[in-house]
Every structure is written in C-alpha cells, then in structure tokens.
Amino acid sequence: MSDKETLPPAPAWNDARSKLRQSEPAFEELEPGGALALALNDDGWILEITPGGRLICQAGMDIEDIQSLLSDGTPEDLGTDELAKQAKYYLQPMVAKFRKPLRDAGFEEQTEMTEQYVAITFQQAVDFLKVDEVLKSVRWCKQQFSVRSEG
C-alpha cells in the first residue's frame with residue numbers, strides 16, 4: 001500500500017531484490033522494479049520491502065470497504081476523516097496482538113491515510129548490502145504472524 005515511496009532505489013536494490021525473490025518465491029512485485037510484497041496471514045497483513053530500504057509490515061482497509069460496513073444500506077455519506085477514524089477502530093484489534101513484538105524488534109508504528117485506504121504500518125530500515133540480514137528479518141516477521149495468527 002505504500003505508494004508514497006519517493007526515495008531513489010538503494011544502489012544494491014536490484015541485487016537484493018533478485019536474492020529476495022529467489023529465497024522467498026511468494027514475493028510479488030507491486031510494479032516492475034518496485035517494492036516486493038508478501039501476504040503474512042489471512043487477516044490481511046502484508047510485508048513489503050521498498051526500493052528505498054524499508055521493511056514494512058502493514059494492515060489496512062480500503063475506504064470503500066469501510067463505507068460499505070458503515071452504511072449498511074443507508075445513503076448516509078460520511079466524510080473521509082470519519083471513515084478513516086472508523087477504519088482505525090476496525091484495525092486496532094487486528095494490530096494489537098502484533099504491536100509489542102514489532103515494536104520490541106525496532107519497528108516504528110505509523111498510520112497512513114489517503115483517499116483510498118487507511119493502513120497501520122510498522123517499519124524499519126534495511127541494508128540491501130546485508131541481504132542475509134534482510135532475509136532473516138523477513139523470516140522473523142513471517143514467524144511472528146504465523147504464531148500469533150494461530151493463537
């Protein structure tokens with residue numbers, strides 16, 4: 001969901017991207033040469049690695065989905081701010097069980113809101129010159145989400 005990536009790709013991005021896709025075939029390119037994304041669980045959590053050197057775990061909702069949940073067949077038109085607040089309300093229980101381990105691992109929490117979606121992201125910088133460490137972080141994230149999703 002992170003389409004605000006404005007940093008130029010890190011010099012080692014192409015090599016790292018290739019190694020990441022070899023090690024983790026489930027990675028999908030969001031656009032040619034762009035960020036790689038991987039579904040973490042059935043709750044909609046996504047792991048994303050950006051060309052600018054960010055590892056992001058995020059959960060989000062489309063504004064249209066929130067609008068459908070809230071309207072319940074009524075023509076009431078809520079403003080984007082109100083819809084965003086409601087989306088955060090729906091996302092909180094989903095985020096709560098992952099917040100502590102992600103923060104403890106050095107991830108910074110942020111909320112992103114656009115006209116299209118609301119996402120709660122946990123991100124940290126990665127060094128593409130140390131691809132093994134990036135892969136280790138990806139495996140750690142996958143493990144956290146598989147363990148906590150089951151319990």
Side-chain angles (χ1 to χ4, degrees), residues 1-69 80-81 83-151:
M1 286 188 183
S2 183
D3 58 357
K4 68 178 177 41
E5 185 73 32
T6 55
L7 299 171
W13 169 241
N14 288 332
D15 290 340
R17 192 171 129 273
S18 174
K19 288 177 185 169
L20 289 165
R21 293 196 74 197
Q22 286 172 5
S23 296
E24 191 58 61
F27 266 125
E28 295 181 28
E29 280 187 313
L30 297 180
E31 59 186 46
L36 296 175
L38 173 71
L40 287 171
N41 64 16
D42 293 338
D43 289 339
W45 278 92
I46 296 171
L47 180 143
E48 186 177 331
I49 299 179
T50 69
R54 304 298 289 171
L55 173 64
I56 303 169
C57 295
Q58 62 187 338
M61 295 186 83
D62 289 335
I63 292 292
E64 288 179 7
D65 291 344
I66 285 292
Q67 213 163 12
S68 299
L69 282 171
T80 306
D81 287 348
L83 289 171
K85 285 179 194 170
Q86 292 299 319
K88 285 173 63 176
Y89 172 78
Y90 279 103
L91 289 170
Q92 283 308 317
M94 204 163 86
V95 170
K97 60 184 166 182
F98 299 107
R99 180 174 280 125
K100 182 170 177 17
L102 288 167
R103 282 186 176 169
D104 288 351
F107 284 80
E108 299 170 16
E109 182 177 355
Q110 295 180 331
T111 301
E112 285 185 32
M113 290 186 235
T114 70
E115 296 288 322
Q116 291 83 32
Y117 68 85
V118 174
I120 297 178
T121 65
F122 293 86
Q123 59 182 300
Q124 66 180 193
V126 292
D127 183 349
F128 294 135
L129 297 174
K130 299 176 182 173
V131 179
D132 289 342
E133 287 182 23
V134 177
L135 283 167
K136 185 177 172 185
S137 294
V138 168
R139 283 190 295 271
W140 180 87
C141 288
K142 285 177 62 178
Q143 180 186 14
Q144 296 306 304
F145 283 84
S146 67
V147 168
R148 283 177 175 72
S149 293
E150 293 167 4

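A 4.5 Å side-chain heavy-atom check between Phe145 and Leu47 finds every atom pair outside the cut-off. When side chains are defined from C-beta on, Met61 does not count as touching Gln86, because their heavy atoms never get closer than 4.5 Å. For the pair Glu28 and Leu38, the minimum side-chain heavy-atom distance is 4.5 Å or more. Counting heavy atoms from C-beta outward, Tyr90 and Val118 have side chains that stay 4.5 Å or more apart.
Expressed to the nearest 0.5 Å, how far CG of Leu36 lies from CG of Leu55 amounts to 11.0 Å. Residue Leu135 holds its CG atom at 10.5 Å from CD of Glu133, rounded to the nearest 0.5 Å. Between the CD1 atom of Ile56 and the CD atom of Gln110 there is a distance of 8.5 Å, given to the nearest 0.5 Å. Taken from NZ in Lys88 to CD1 in Ile120, the straight-line distance is 7.0 Å, to the nearest 0.5 Å. Taking CD1 of Ile63 as the start and CD of Gln116 as the end, the distance is 8.5 Å to the nearest 0.5 Å. One finds the CD atom of Gln144 at 7.0 Å from the CG atom of Leu102 (value rounded to the nearest 0.5 Å).
Side-chain atoms of Asn41 come within 3.5 Å of backbone atoms of Asp43 as a donor-acceptor pair (strictly under, hydrogens ignored). A donor-acceptor pair is defined here as one N or O able to donate and one able to accept, closer than 3.5 Å; no such pair exists between the side chain of Ser18 and the backbone of Asn14. Panel note: side chain Glu112, backbone Gly60; no donor-acceptor pair is recorded below 3.5 Å. With hydrogens and angles disregarded, a donor-acceptor distance shorter than 3.5 Å links the side chain of Ser146 to the backbone of Gln143.
Gly33 and Pro51 make their closest contact through O-CG, 4.1 Å (heavy atoms, listed as atom of the first residue, atom of the second, distance). Residues Ala105 and Gln124 come closest through the heavy atom pair O-NE2, 3.2 Å. Nearest heavy atoms, Leu20 versus Phe27: O-CD1, 3.7 Å. Of all heavy-atom pairs spanning Phe122 and Arg103, the tightest one is CE2-CG, 4.4 Å. In terms of heavy-atom proximity, Ala37 sits nearest to Leu30 at CB-CD2, 3.6 Å.
Atom CD of Glu29 sits in a crowded spot, with more than 12 heavy atoms from other residues, nucleotides or ligands closer than 6.0 Å.
Between Trp140 and Phe107, the ring-plane angle classifies as parallel under the 30° and 60° cut-offs. Between Phe98 and Trp45, the angle of the ring planes goes over 60°, which puts this pair in the perpendicular group of the 30/60° scheme.
Tested against Glu24 for a salt bridge (charged side-chain N to carboxylate O under 4.0 Å, His left out), the candidates Lys19, Arg17, Arg139, Lys142 yield a single pass: Lys142.
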